[in-house]
Amino acid sequence: MTPWVNSLIILIVLSCAAFLPADRPWVDVENLSAGDTAWMLTATGLVLLMTPGLSLFYAGMASTKNVISTMLQSFICLGVVTLVWVVVGFSLAFGDSIGGLIGDPRSYFLFSNVGGSPNPDFAETIPFLLYALFQMKFAVVTPALITGSFAERVRFSGYLLFITLFSIFIYAPVAHWAWHPEGFLRKWGVLDFAGGTTVHTVAGFAALAGAWYMEQRESLKDGRAHAPANIPFVLIGTGMLWFGWFGFNAGSALSANYTACFAFLTTTTSSAAAMLTWIFYDAARGQKPSALGACMGAVVGLVAITPAAAFVSVGASIFIGVAASLSSNLCVQWFSRAPLDDTLDVFPCHGVGGMVGMLLTAVFAEDVGLIYGEFTTLGVHFLCLLIVGSFSFVGSLVLYWVTDHLITLRVSPEEERDGLDISQHGEFFGESPKPLPIGQREN
């Protein structure tokens with residue numbers, strides 16, 4: 001980054017830190033549950049682990065010369081989005097509702113009024129601060145998911161600006177709509193247990209917008225395909241994602257109770273069914289069952305069950321995994337023939353998987369699903385996906401355009417040819433084709 005950007009970031013951080021409260025707020029110990037608090041601290045750590053897991057998952061599928069840059073694009077969200085969330089993101093998502101559309105940015109600015117006592121509007125038995133930290137990890141992983149759509153061609157400084165704007169103007173409002181007690185989607189009756197709308201639909205359509213805006217990679221235009229850099233990275237990353245997803249879904253019960261146990265179970269069964277469906281379907285098409293296919297299927301199953309984890313039966317969770325895996329696999333095939341360059345198939349996996357999960361939640365949800373004779377839930381879920389998908393796609397296009405006019409988003413053809421590891425970070429994975437002395441590395 002240019003020196004002025006570095007200086008501006010440091011100045012903002014230091015200025016914000018000066019206003020942090022000096023003392024710990026009063027804690028209402030009587031209403032806290034030690035068991036729930038311990039579980040939610042664990043779940044928060046598990047969700048944090050998903051972002052490094054995602055970085056390995058994506059990096060293993062990238063080209064060798066872009067492994068580090070692809071990993072860092074996910075990993076850096078732990079830094080950028082964390083500070084955005086503390087300063088204003090949490091307020092916008094969960095602050096006092098303004099018409100069910102957005103939170104008052106003054107409510108929890110710099111985590112003011114975010115203390116150790118429970119807030120019964122959100123979680124009755126854990127510190128409100130812990131709830132804010134748990135939600136922070138969802139905010140961190142969402143922009144990280146988008147990076148796979150424009151991997152191998154985005155300038156790092158422009159990317160940092162984009163994820164900052166995205167967290168404020170796209171993620172926070174949708175989180176408010178779906179999860180705040182006064183959010184209009186929640187009041188409509190939309191069911192989103194752990195982020196099918198807020199995380200995966202939002203990220204999927206933002207990724208689709210990014211793939212369209214950034215255009216094809218030069219190598220794809222020239223017909224030069226590349227092999228994945230490291231399949232074991234993909235396997236390890238998938239394992240970390242699956243492990244972390246138990247915090248994502250079971251943690252969304254916000255308590256150490258039966259709901260958490262049940263969400264843990266449906267998360268496992270959906271992912272298992274989706275993984276097997278992907279490789280068996282590939283085999284039926286005459287392809288060898290691949291490790292990459294197994295990993296993609298497992299992740300799609302995790303995505304699809306996210307909105308439904310506590311609302312559907314175990315049998316329904318298996319059906320959701322199968323249906324989402326087939327849908328995403330077909331979409332990946334179609335995208336491979338389309339001119340759109342979604343580098344790591346983010347929209348087919350997260351966008352399509354998330355939408356299938358949301359719609360099937362409305363079909364199978366206990367008491368209010370279509371199979372119980374209720375049509376309202378399915379209708380509001382269709383409307384929810386239309387609103388959120390359009391908002392994320394159009395809003396992200398605007399943010400890509402704004403970012404591109406402030407800091408050029410696309411790297412030059414020469415930088416793309418050399419690889420982003422060298423051109424953006426002065427580092428390399430494995431043996432460098434042309435190592436640079438430290439003093440001559442580009443920033």
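Counting only N and O atoms by type, the side chains of Ser112 and Arg106 include no donor and acceptor under 3.5 Å apart. Inspection of the Asn249 and Thr267 side chains reveals an N or O donor paired with an N or O acceptor under 3.5 Å. A side-chain donor-acceptor contact under 3.5 Å links Ser63 and Asn66. Side chains of Ser91 and Ser107: no donor on one and acceptor on the other come within 3.5 Å. The closest side-chain donor-acceptor pair between Ser255 and Asp36 falls under 3.5 angstrom.
Proximity of a side-chain donor or acceptor of Glu152 to a complementary backbone N or O of Ala62 within less than 3.5 Å is not detected. At distances below 3.5 Å, at least one donor-acceptor pair connects side-chain atoms of Ser423 with backbone N or O atoms of Gly419. Side chain of Asp421 to main chain of Gln424: no donor-acceptor pair is present (N/O by atom type, distance under 3.5 Å, no hydrogens or angles). Remark: the backbone N or O of Ala324 is paired with a side-chain donor or acceptor of Ser328 at under 3.5 angstrom. Using a distance-only test at 3.5 Å, with no hydrogens or angles considered, a donor-acceptor pair links the side chain of Thr269 to the main chain of Thr266. Side chain of Thr377 to main chain of Val368: a donor-acceptor pair is present (N/O by atom type, distance under 3.5 Å, no hydrogens or angles). Using modelled atom types, one side-chain atom of His381 and one backbone atom of Met358 make a donor-acceptor pair closer than 3.5 Å. Using modelled atom types, one side-chain atom of Ser149 and one backbone atom of Ile146 make a donor-acceptor pair closer than 3.5 Å. When atom types are taken as modelled, the side chain of Trp242 and the backbone of Thr268 share no donor-acceptor pair closer than 3.5 angstrom. No side-chain donor-acceptor contact under 3.5 Å links Thr70 to the backbone of Tyr58.
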Just do the side-chain contact (heavy atoms from CB on, under 4.5 Å) check on Val314 and Phe262 with the steps written out, would you?
CA-CA 9 Å; Val314 176; Phe262 192 78; 4.0 Å; yes
Could you walk me through whether Tyr108 and Phe128 pass the ring pair (Phe, Tyr, Trp, His ring centres under 6.0 Å) test, one step at a time?
CA-CA 11 Å; Tyr108 307 118; Phe128 190 40; 5.2 Å; yes
What's the verdict on side-chain contact (heavy atoms from CB on, under 4.5 Å) for Val402 and Phe162, showing C-alpha distance, side-chain angles and the deciding distance?
CA-CA 9 Å; Val402 170; Phe162 171 76; over 6 Å; no
Tell me, with the steps shown, if Thr44 and Leu48 meet side-chain contact (heavy atoms from CB on, under 4.5 Å).
CA-CA 6 Å; Thr44 300; Leu48 183 150; 5.9 Å; no
Worked check of side-chain contact (heavy atoms from CB on, under 4.5 Å) between Tyr159 and Arg155
CA-CA 6 Å; Tyr159 167 72; Arg155 193 177 303 279; over 6 Å; no
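The distance from the CG atom of Leu378 to the CZ atom of Phe364 is 11.0 Å, given to the nearest 0.5 Å. Atoms SG and CG, on Cys349 and Leu145 in that order, are 11.0 Å from each other to the nearest 0.5 Å. Between atom CD1 of residue Ile68 and atom CZ of residue Phe75 there is a gap of 13.5 Å, rounded to the nearest 0.5 Å. Taken from OG in Ser55 to CD1 in Ile76, the straight-line distance is 11.5 Å, to the nearest 0.5 Å. In this structure, CZ on Phe264 lies 4.0 Å from CZ on Phe246, to the nearest 0.5 angstrom. Remark: Leu92 CG to Asp104 CG distance equals 9.0 Å, nearest 0.5 Å.
Taking 4.5 Å as the limit, every side-chain heavy atom of Thr197 sits out of range of all side-chain heavy atoms of Pro307. Between Ile305 and Val312 the shortest side-chain heavy-atom distance falls below 4.5 Å. No side-chain heavy atom of Leu32 sits under 4.5 Å from any side-chain heavy atom of Thr125. The shortest distance between side-chain heavy atoms of Phe94 and Gln135 falls below 4.5 Å. Using a 4.5 Å heavy-atom threshold, the side chains of Leu235 and Cys295 count as touching. Looking at heavy atoms from C-beta onward, Phe138 lies out of side-chain contact with Thr198 at the 4.5 angstrom threshold. Side-chain atoms of Pro348 and Trp334, non-hydrogen and from C-beta on, never get closer than 4.5 Å to each other. In this structure the side chain of Trp401 never reaches within 4.5 angstrom of the side chain of Leu397, judged on heavy atoms.
Atom CZ of Phe382 is surrounded by 12 or fewer heavy atoms from other residues, nucleotides or ligands within 6.0 Å. In the displayed structure, Trp212 atom CH2 is contacted under 6.0 Å by at most 12 heavy atoms of other residues, nucleotides or ligands.
Classified by interplanar angle (parallel below 30°, tilted 30° to 60°, perpendicular above 60°), the ring pair Tyr213/Tyr400 is parallel. Taking the six-membered ring for Trp and thresholds of 30 and 60 degrees, His425 and Phe156 have ring planes more than 60 degrees apart, a perpendicular arrangement. Note on ring orientation: taking the six-membered ring where Trp is involved, the planes of Phe335 and Phe347 are parallel (angle under 30°, cut-offs 30° and 60°). The aromatic rings of His200 and Trp245 sit parallel, their planes meeting at an angle under 30°, below the 60° perpendicular limit.
Residue Trp177 is tested with Tyr171, Phe184, Trp188 for a ring-ring contact (aromatic ring centres under 6.0 Å, His included); the sole match is Phe184. Of the candidates Val141, Val299, Leu49, Leu241 forms a side-chain contact (heavy atoms from CB on, under 4.5 Å) with just one, namely Val299. Screening Val411, Thr147, Leu409, Thr343 against Val154 for a side-chain contact (heavy atoms from CB on, under 4.5 Å) leaves a single residue, Leu409. Just one residue in the list Lys65, Arg410, Arg153 forms a side-chain hydrogen bond (donor to acceptor under 3.5 Å, both in side chains) with Glu416, and that residue is Arg410.
For the residue pair Ser327 and Val352, the shortest heavy atom distance occurs at CB-CG1, 4.0 Å. Of all the heavy atoms in Leu292 and Pro228, the pair that sits closest is CD2-CG, 4.4 Å. When all heavy atoms of Ala308 and Thr361 are compared, the closest pair comes out as CB-OG1, 3.0 Å. Residues Ala298 and Ser271 approach most closely at O-OG, 2.8 Å, considering heavy atoms. Residues Ala310 and Thr259 share a closest heavy-atom pair of CB-CG2, 3.7 Å. Taking all atoms of both residues into account, the shortest heavy-atom contact from Ile168 to Pro173 is O-CD, 3.4 Å.
For Phe429 and Phe233, the ring centers sit closer than 6.0 Å to each other.
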